[in-house]
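Structure record follows, encoded as structure tokens.
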Amino acid sequence: MKKTDKQLLVIFGASGDLTVRKLIPAIFNLYKEGHLPKKFAVLGTSRSDLTDEQFRNKVVYESDFLKKEIAAHDKSFIDDFANRLFYEDLGGSYEGPYTGLKSRIDSLNDEFGLKDNVIFYLSTPPKIYELIAKNLSDQGYGKNGSKGWSRLIVEKPFGYSLETAKALNKGIQQYFEEPQIYRIDHYLGKETVQNLLVTRFSNSIFEPLWNRNYIHHVEITNAESVGVGSRGGYYDKSGALRDMFQNHLMQIVSLVAMEPPIDSNPESIRDEKVKALKSIRHLNEETFYSNTTRGQYLASTINGKEVKGYREEEGVAEGSMTETYAAIKFFIDNWRWEGVPFYVRTAKCMPTKVTEVVIHFKPTHHRLFQGTNSDNQLIIRVQPDEGVLMKFGVKVPGQGFKVENANLDFYYTDLVDTYVMEAYERLLLDAMQGDATLYARADEVEAAWAFVDPILEEWKTNREKMHGYPAGTWGPQFADNLIEGKNCWRNPGPNLADSEDYCEL
Ligand code: BG6
């Protein structure tokens, strides 16, 4: 167990949705599971004018996200948690100076004996990250900090393009050193995403096969059954590529593709991830259209219920050209992956919610048993039904040699006694302990943008290539063209071990 120092967590944008929906429930679980240090407090701040009591009511007592916990525990247990939460408003503006905030931090520091250790969590629009970092630096935190330690956690989106991501990195790094900056990507907090490292580097049966000699292609699907809901305004300026692909999916790609790190130190792991991301061959004029598909969901009826099309959603501009579906094929130019296609797709309004990584192995060199199905796949189910599934051929009982795929299936829920932390819980605890392994480093973010940026530019200028797909379907058929030969996307059925499509290699 790593040590968790005494500390204060200051949340910027604390009156917003993320605080009540994710951050406070995550901190509550850490409290419940005994992971918080005895000396710990949370200070919420934003432009809104709230008292400590109003803040506690909003994020604890009246929160839909803690309802069950409140019902399940004694009032004194809940009160003890709520009494560690405080609020200080910024006088209606983030402009600063943060003198009032600083005095409140100092007084909490004295009251709780927190040794001047502070984490600042920025859950505000990214355009003010640099401003906040500067104001904090003026108050003696970050590079200028003399007492205790200070860390800065920043939420996504981290930049809007390569250029803006670079500017943001440079801006924040003026005031905080890179090791003090924690760029959050909640996919890295998922157990199953971390398990990619363990599957690959703690099993002698997989790593020898994890290369171009044995792997035919890699497929990564992130499907959500919901549409943009009330987030149309934000999403319309973002789109699937920025919202999911540049960050969450590129992180998964880097873990699937990286070389073994020299040890388990954060920097060793992140060094290898960056190398993998930098080795991705960028698309160019010749490959943009054969290797990418974008789409938008159209109105449709799902289980008798009418579902709006993307352009009808609230906050979405008329005639919007923002993609809700993106599928990209690419190659990684290094010794391990030369010639192995990666197919990665993400979308809203799909038939089901699923995120999975499918390693499709090459068929046996000499097919002894002709005309039979044996398609070796290793499927890492990131969510839901978290687990790992191996598909391999077995003899169908009876005469002759008919082969069929069988499943070796592991579910995380089978580990009954293990408490699986929710992503934000794990990530917050890591930052509290100063472990940045599961946070994105500046060069990782930039390498991911360097691949995605030209695609966005191309899509911006060539408006005609937008494919509609009825909500509740597996996306535009055009995406099938990405995969040579037969339609090869694995579209998991309701029982996620099965798929609607079979791929003949
Ligand atoms: C967020 C995106 O980062 O991830 C959302 O902004 C998306 O659009 C969400 O719905 C998906 O997260 P998860 O953990 O439910 O897969």
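For ligands, and for the atoms within them, numbers begin at 1 and follow the listed sequence.
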Under 4.0 Å from a heavy atom of His248: give me the atoms of ligand 1 that qualify, with their elements. 1 (C), 3 (O), 4 (O)
Give me the residue, atom name and distance of the protein heavy atom closest to atom 8 (O) of ligand 1. Asp243 OD2, 2.6 Å
Quick one: which ligand 1 atoms are inside 4.0 Å of a heavy atom on Lys348? 5 (C), 7 (C), 8 (O), 10 (O)
Taking all non-hydrogen atoms of both residues into account, name the closest pair between Ala240 and Thr324 and its distance. CB-C, 3.9 Å
Shortest protein contact, atom 16 (O) of ligand 1 (heavy atom only): Tyr187 OH, 2.4 Å
For atom 15 (O) of ligand 1, which protein heavy atom lies nearest, and how many Å away is it? Lys353 NZ, 2.8 Å
Run the numbers on Tyr469 and Tyr325 for ring-ring contact (aromatic ring centres under 6.0 Å, His included), then give the verdict. CA-CA 9 Å; Tyr469 61 98; Tyr325 175 102; 5.7 Å; yes
Interfacing atoms of ligand 1 (cut-off 4.0 Å, heavy-atom, Glu224): 7 (C), 10 (O), 11 (C)
Return the closest protein heavy atom for atom 4 (O) of ligand 1 as residue, atom name and distance. His186 CE1, 3.4 Å
Closest to atom 14 (O) of ligand 1 among protein heavy atoms sits Lys190 NZ, 2.6 Å
Heavy atom of the protein closest to atom 9 (C) of ligand 1 (residue, atom name, distance): Met244 SD, 4.1 Å
Parallel, tilted or perpendicular, as decided by the 30° and 60° cut-offs, for the rings of Phe28 and Tyr31: tilted
Below 3.5 Å, N or O to N or O, backbone or side chain included: is there any such pair between Tyr235 and ligand 1? no
Specify the protein heavy atom at minimum distance from atom 5 (C) of ligand 1: its residue, its atom name, and the distance to 0.1 Å. Arg231 NH1, 3.3 Å
Side-chain donor-acceptor pair under 3.5 Å between Asp243 and Tyr234, yes or no? yes
Apply the test ring-ring contact (aromatic ring centres under 6.0 Å, His included) to residues Phe342 and Phe331: give CA-CA distance (whole Å), side-chain angles for both, the deciding distance (0.1 Å), then the verdict. CA-CA 6 Å; Phe342 278 65; Phe331 291 90; 8.6 Å; no
For atom 1 (C) of ligand 1, what is the nearest protein heavy atom, given as residue, atom name and distance? Lys156 NZ, 3.6 Å
How about Gln251 and Lys273: does a side-chain donor come under 3.5 Å of a side-chain acceptor? yes
Hey, do the aromatic rings of Phe12 and Tyr121 have their centres closer than 6.0 Å? no
Nearest non-hydrogen partners of Gly434 and Arg151, listed with the distance: N-NH1, 3.3 Å
